[in-house]
Asks: 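First, the structure itself, so that you have it in front of you.
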Amino acid sequence: MTKLLSMNRRNFLQASAAGALAGAMPGLIASSAAAQTALTVGFIYVGPKDDYGYNQAHAEGAAVIKAMPGVTLVEEENVPETVDVQKTMESMINLDGATLLFPTSFGYFDPHMLAVAAKHPDIQFRHCGGLWQEGKNPANTGSYFGYIFQGQYLNGIAAGHATKSKKIGFVAAKPIPQVLQNINAFLLGARAVDPGITCQVIFTGEWSLAVKEAEATNALVDQGADVITCHVDSPKVVVETAAGRGAFVCGYHANQSPLAPEKYLTGAEWAWGNVYGDFVKKAQAGEKLGNFVRGGLKDGFVKMSALGPGVSAEGRKAFEATQADMMKGGFSVFKGPLKDNKGDTVVAADKSYAEDAIELESMNYLVEGVVGSTA
């Protein structure tokens with residue numbers, strides 16, 4: 001059924017009856033609006049909704065708003081970052097009457113979301129990531145994201161207490177700022193426990209490539225890493241491969257503890273239900289939606305997986321104390337003096353970045369102690 005629905009959506013505007021149906025649709029939408037103050041919301045995922053990762057985290061958030069009064073939820077999964085996503089957005093607008101769209105994948109933004117938004121100025125589009133720019137992008141578009149590097153810092157604290165080799169590993173997709181933030185924060189958290197810890201990173205080059213993710217995980221373990229985390233769309237392969245090799249794991253995006261109950265230390269998770277719920281409440285009230293929405297642990301954008309059995313009493317104490325500090329606000333993960341892995345100073349001794357520092361959105365370096373390259 002999912003494939004049939006997907007095919008209908010993407011080919012809707014090309015079908016022979018599309019013109020007649022589209023012409024009739026405004027009247028149907030108007031009738032629905034007159035019946036109640038309803039809101040149809042569309043979610044688009046680049047992968048499956050049960051991927052134990054990026055897409056599942058967004059789908060869990062969508063499930064929260066589905067239960068809200070007056071909300072009709074429309075979803076489509078496995079939509080590639082191509083013109084296909086434009087067809088999906090068009091059909092959600094014209095076929096389903098969606099007036100608020102969340103194209104969740106990084107590559108959906110430019111040109112796809114921007115192109116559709118330009119044709120539908122009365123429809124609201126919000127994209128997950130840091131790509132929206134004031135004065136450049138349409139007013140009916142925007143972005144939202146969370147300071148999940150705070151969660152990776154906490155992952156690092158758990159990893160720092162668990163590692164025996166003083167080598168931890170990171171499987172990463174692409175060296176973009178959000179990924180570099182997570183790699184750096186993971187090591188900085190571990191080094192808060194032991195300054196002698198190093199982190200090996202391997203970039204796969206793709207958000208979802210199971211074979212390379214397994215190869216990268218095995219390579220990290222072969223090189224001595226005994227705690228592994230990642231930033232890929234679905235951490236499932238990384239978690240299962242690392243645990244199968246006897247390494248501890250820290251999760252990302254969603255809760256992967258069922259995949260490795262004994263080896264899962266904790267994980268940095270998204271709490272998208274809070275974010276989406278706020279967007280929907282504002283849309284239903286006729287209020288202006290934020291164009292540049294951000295938040296961290298204290299704001300309810302990010303949460304942590306429960307600590308697993310591999311976390312020692314000492315590790316638990318350090319983890320909980322740091323998490324409590326973060327919940328107060330103003331915690332600086334990135335503070336000077338800090339050098340990159342080429343030996344250049346990137347944060348001066350008298351400088352520190354709060355979680356909402358705009359400079360972090362353009363991070364292009366790996367910190368000292370990370371073995372790997374952004375090139």
Asks: Looking at the rings of Phe102 and Phe125, which for Trp means the six-membered one, are their centres under 6.0 Å apart?
Replies: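 No, too far apart.
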
Asks: I want to know whether Phe149 and Phe186 have ring centres closer than 6.0 Å.
Replies: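 No, too far apart.
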
Asks: Are Ser305 and Tyr264 linked by a side-chain donor-acceptor pair shorter than 3.5 Å?
Replies: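 The criterion, which ignores hydrogens and geometry beyond distance, is satisfied for Tyr264 and Ser305.
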
Asks: Can you classify the ring geometry of Tyr144 versus Phe279 as parallel (below 30°), tilted (30 to 60°) or perpendicular (above 60°)?
Replies: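 Ring orientation, 0 to 90° scale: perpendicular.
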
Asks: Search all heavy atoms of Arg191 against all heavy atoms of Thr198 and return the closest pair with its distance.
Replies: NH2-CG2, 4.1 Å

Asks: With distance as the sole criterion, is a donor-acceptor pair present between the side chains of Gln133 and Asn137 under 3.5 Å?
Replies: no

Asks: Work out which heavy atom in Ile202 is nearest to a heavy atom in Ala219; give both atom names and the distance.
Replies: CD1-CB, 3.9 Å

Asks: If you take the centroid of each ring, where Trp contributes its six-membered ring, are Phe145 and Trp270 closer together than 6.0 Å?
Replies: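 Here the rings of Phe145 and Trp270 have centres that are less than 6.0 Å from each other.
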
Asks: Using the six-membered ring wherever Trp is involved, compare the ring planes of Tyr54 and His58 and label them parallel, tilted or perpendicular (cut-offs 30° and 60°).
Replies: perpendicular

Asks: Do Glu215 and Asn218 have side-chain N/O donor and acceptor atoms under 3.5 Å apart?
Replies: no

Asks: Provide the full list of side chain to side chain donor-acceptor pair (under 3.5 Å) pairs with a residue in residues 286-302, sequence neighbours left out, each pair given once.
Replies: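 As it turns out, the side chain to side chain donor-acceptor pair (under 3.5 Å) pairs with a partner in residues 286-302, which skip direct neighbours, are Ser143-Arg294, Lys288-Asn291, Arg294-Glu361.
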
Asks: One pair to check against side-chain hydrogen bond (donor to acceptor under 3.5 Å, both in side chains): Gln86 and Glu90. What are the steps and the verdict?
Replies: CA-CA 6 Å; Gln86 294 190 39; Glu90 289 283 3; over 6 Å; no

Asks: Over 60° means perpendicular and under 30° means parallel, so classify the ring planes of Tyr153 and Phe331, tilted if in between.
Replies: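 The rings of Phe331 and Tyr153 stand perpendicular, inter-plane angle above 60°.
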
